[in-house]
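Right, one structure below, let's go through it.
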Amino acid sequence: MTDKYTQLVSHGLGRNVARKLGLPQPALLRRYKPGQALISGPILVQGASAGAEELAAILLSWDLDVRRHAVPREKLGAIILVMDELAGPEDLEKPVLSAASSLRDLAPSARFITVSRPADGAGTPSGAAARQGVDGFLRSLAKELRAGATANGILLPEGVSATSPSAVAALRFFLSGRSAFVDGQFLTVSTAEGRLPSDFEKPLAGKVAVVTGAARGIGAAIARTLYRDGATLVLVDVPAAGDHLAGVANEVHGTALQLDISREDAGQRIIDHAVQRHGHLDIVVHNAGITRDKLLANMDHSRWSSVLNVNIAAQLRINQALMASEHFRDSPRIVSVASTSGIAGNRGQTNYAASKAGVMGLVRATAPLLAHHGGTINAVAPGFIETEMTARIPLALREVGRRLNSLQQGGQPADVAEAIAFLASDAAGGINGTVLRVCGQNVVGA
Ligand code: NAI
């Protein structure tokens, strides 16, 4: 699915006309490709804490061009602002204004990343105010950046250092083209768990991953991305999508399992297939989902129950089977696809939004249960993504949906897939029970 308008206004005559008429000018985003440099341009690491110093040393060890002080008029690939020792609101001004003076030097598709601590746990009202202040600051800055640049934050509770594996992995994710459509978001690293890969190009090497709803759209993109990152794939979809499913399975050298995930025995069927065909099971991505939109006044039993059944009840049953299985015990990962509709609500989608909000609730509550087995469960909440589903939306509505975010464009299925691949990796072992939005900072739902 393409967004022809973005192509048209990204260069030449189209760009000039859009500029003159004051029309949105979405940038062509820098998306990850294997072998691509992590970031194009020097990285300015600001902040006086030990955390800032340690992160700068890690970036240097990756052979990146790192600055601890701005060089006037030098184009920057990224600014990392480490504010992990804020004691009160007065501590915000110095780092923030010092970063401000370099903003005009950011290159296209540059990154601005804060590293700070969550307000809970600050111990004093003044500390909490400062920490929460970073939230408003970063989300506003993300709305000010242009040319495909994004701003995101990493939150580290007390006891989790800036150099813990998942903090470093999150930093790498936010710096890279893998996070092209993630904007204005915070990712909490809750523990020092996690292991960085020996090969950053193949972070899922040796893993067996199941993706539901993999015959098309976002699910097929997830399959391709996990395969690219080294995983062996089991692809699940309904029998009616069997031909497409086989096509994607062939492409990623995986196996296809024709299965309606709302069947009572779906969890066991998935485990049996993965173990019999591939020896083990490490990652499950709950992507399959349906919409049956109607205003609530016209809602009927079938529309309500089918959506709740496929989008939540099936996941709950499959998770139960997974957690009861001895084959899902070695740092297992579950990633669920939610939706920004479940955060902000959407007219005509009471059933769908209830189901997707439900997904976020189940993820939070399942996190401690999975942590018991050294595992994690997280959700990704996509905003407007260019798929067959959104291509069916009437043109005017579709245009509104795709432009109402800080990047002024819809995301690609691969953008959702990149976030899922990151959360499914060993390096993300310290991230558990969170929701990461992949929405270009959609104005809907903050
Ligand atoms: P899609 O409709 O193109 O693909 C969904 C796939 O799931 C289809 O292949 C379908 O056959 C399969 N599926 C449906 N019910 C199933 C069942 N009972 N058992 C097995 N497979 C089943 O949808 P799309 O756009 O790729 O969305 C994927 C996920 O992303 C869904 O959970 C959707 O709610 C979510 N999402 C999509 C957004 C978008 O903008 N496209 C935005 C936010 C969330």
Side-chain angles (χ1 to χ4, degrees), residues 1 3 181 210-225 234-249 256-267 269-270 273 284-293 305-315 317-318 335-346 349 351-360 362-363 379-393 397-398 400-402 404-405 409-417 419-420 435-440 442 444-445:
M1 306 292 127
D3 168 7
F181 199 60
V210 171
V211 181
T212 67
R216 65 179 202 185
I218 295 173
I222 297 168
R224 293 184 186 110
T225 303
V234 174
L235 306 185
V236 178
D237 212 302
V238 288
D243 287 349
H244 282 118
L245 186 68
V248 183
L257 172 60
Q258 293 187 12
L259 173 71
D260 182 335
I261 56 156
S262 56
R263 281 178 55 135
E264 286 289 330
D265 62 349
R269 295 261 315 262
I270 287 171
H273 177 103
V284 173
V285 181
H286 291 298
N287 162 75
I290 58 170
T291 49
R292 297 286 182 270
D293 296 359
S305 67
S306 57
V307 168
L308 274 282
N309 197 18
V310 173
N311 295 5
I312 317 191
Q315 283 194 34
R317 269 195 303 270
I318 293 171
V335 188
S336 289
V337 180
S339 165
T340 49
S341 290
I343 298 169
N346 209 7
Q349 290 201 319
N351 50 355
Y352 182 72
S355 76
K356 293 300 188 179
V359 164
M360 296 182 241
L362 85 82
V363 159
V380 163
F384 186 100
I385 305 296
E386 306 282 354
T387 62
E388 285 175 42
M389 191 172 103
T390 48
R392 284 199 300 268
I393 301 173
L397 261 182
R398 188 162 77 232
V400 171
R402 59 160 68 113
L404 278 186
N405 62 65
Q409 59 193 287
Q412 294 295 324
D415 297 329
V416 181
I420 288 170
V435 178
L436 178 61
R437 289 174 53 163
V438 182
C439 65
N442 202 322
V444 176

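Predicted model only: the values in this text are computed from it and were never measured. Excluded from the calculations below are hydrogen atoms, water molecules and symmetry mates; all remaining heavy atoms, backbone and side chain alike, are included. First listed ligand is number 1; within each ligand, the first listed atom is number 1.
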TODO: Between V285, I393, I218, N309, flag the one that comes closest to atom 37 (C) of ligand 1 by a heavy atom.
DONE: I218
Open item on the list: With a 4.5 Å cut-off on side-chain heavy atoms, are H244 and D237 touching?
Closed with: no
Open item on the list: Could you tell me, atom by atom, which parts of ligand 1 come under 4.0 Å of a heavy atom of V337?
Closed with: 29 (C), 30 (O), 35 (C)
Task: Polar contact flag for S339 and ligand 1 (N/O pairs, less than 3.5 Å) - done: no
Open item on the list: For ligand 1, which is the ligand I care about here, please tell me if I385 has any N or O atom under 3.5 Å from one of the ligand's N or O atoms.
Closed with: yes
Task: Minimum-distance pair of heavy atoms, taken over all atoms of I385 and V416 - done: CD1-CG2, 3.6 Å
Open item on the list: If I take atom CE from residue M360 and atom CD1 from residue I343, how far apart are they, to the nearest 0.5 angstrom?
Closed with: 4.0 Å
Open item on the list: Return the NZ to CG distance between K356 and N311, rounded to the nearest 0.5 Å.
Closed with: 4.5 Å
Task: Mode of K356 contact toward ligand 1 - side chain, backbone, both, neither (heavy atoms, under 4.0 Å) - done: side chain
Open item on the list: So, taking the atom named CD1 in I312 and the one named CZ in R317, what distance separates them when rounded to the nearest 0.5 Å?
Closed with: 11.5 Å
- [ ] Pull out every atom of ligand 1 sitting under 4.0 Å from any heavy atom of L259, numbered as shown with elements.
- [x] 19 (N), 20 (C)
Open item on the list: Between ligand 1 and N287, is the shortest N or O to N or O distance under 3.5 Å?
Closed with: yes
Task: ligand 1 atoms in contact with G383 (distance to a heavy atom under 4.0 Å) - done: 40 (O), 42 (C), 43 (C)
Open item on the list: Give me the residue, atom name and distance of the protein heavy atom closest to atom 4 (O) of ligand 1.
Closed with: R216 NE, 3.5 Å
TODO: Would you kindly specify which portion of T390 sits under 4.0 Å from ligand 1, judged on non-hydrogen atoms: side chain, backbone, both or neither?
DONE: side chain
TODO: Could you list the atoms of ligand 1 found under 4.0 angstrom from a heavy atom of I290?
DONE: 14 (C), 15 (N)
- [ ] Identify the protein heavy atom lying closest to atom 36 (N) of ligand 1, giving its residue, its atom name and the separation to 0.1 Å.
- [x] Y352 OH, 3.5 Å
Task: Spacing of N287 atom CG and I222 atom CD1 [to the nearest 0.5 Å] - done: 4.0 Å
Task: Side chains of V337 and P382 in contact at under 4.5 Å (non-hydrogen atoms) - done: yes
Open item on the list: If you compare all heavy atoms of A215 against all heavy atoms of V248, which two are closest, and at what distance to 0.1 Å?
Closed with: O-CG2, 3.6 Å
Open item on the list: Would I261 count as being in polar contact with ligand 1, using the rule that some N or O on each side must be under 3.5 angstrom apart?
Closed with: yes
Open item on the list: Can you tell me how far apart CD1 (I270) and CG (D265) are? Round to the nearest 0.5 Å.
Closed with: 9.5 Å
Task: Nearest-neighbour protein heavy atom for atom 18 (N) of ligand 1, which is reported as residue plus atom name and distance - done: D260 OD1, 2.8 Å
Task: Closest protein heavy atom to atom 16 (C) of ligand 1, given as residue, atom name and distance to 0.1 Å - done: V238 CG1, 3.7 Å
TODO: Number the atoms of ligand 1 from 1 as they appear, then name those within less than 4.0 Å of a heavy atom of A338, with their elements.
DONE: 44 (C)
Task: Taking every non-hydrogen atom, the tightest pair across A419 and V438 - done: CB-CG2, 3.7 Å
TODO: Write out the residue and atom name of the closest protein heavy atom to atom 38 (C) of ligand 1, then the distance separating them to 0.1 Å.
DONE: M389 CE, 3.8 Å
Task: Protein heavy-atom partner closest to atom 7 (O) of ligand 1 - residue, atom, separation in Å - done: G213 CA, 3.3 Å
Open item on the list: If you compare all heavy atoms of T387 against all heavy atoms of P413, which two are closest, and at what distance to 0.1 Å?
Closed with: CG2-CG, 3.9 Å
Task: Residue and atom name of the nearest protein heavy atom (relative to atom 12 (C) of ligand 1), distance in Å to one decimal - done: D237 OD1, 3.3 Å
Task: Numbered atoms and elements of ligand 1 in range of G217, under 4.0 angstrom, heavy atoms - done: 26 (O)
- [ ] Taking all heavy atoms of I290 and all of Y352, pick out the closest pair and write down the distance.
- [x] O-CD1, 3.4 Å
Open item on the list: Return the CD to CZ distance between Q258 and R269, rounded to the nearest 0.5 Å.
Closed with: 9.5 Å
Task: Closest protein heavy atom to atom 25 (O) of ligand 1, given as residue, atom name and distance to 0.1 Å - done: T387 OG1, 3.2 Å
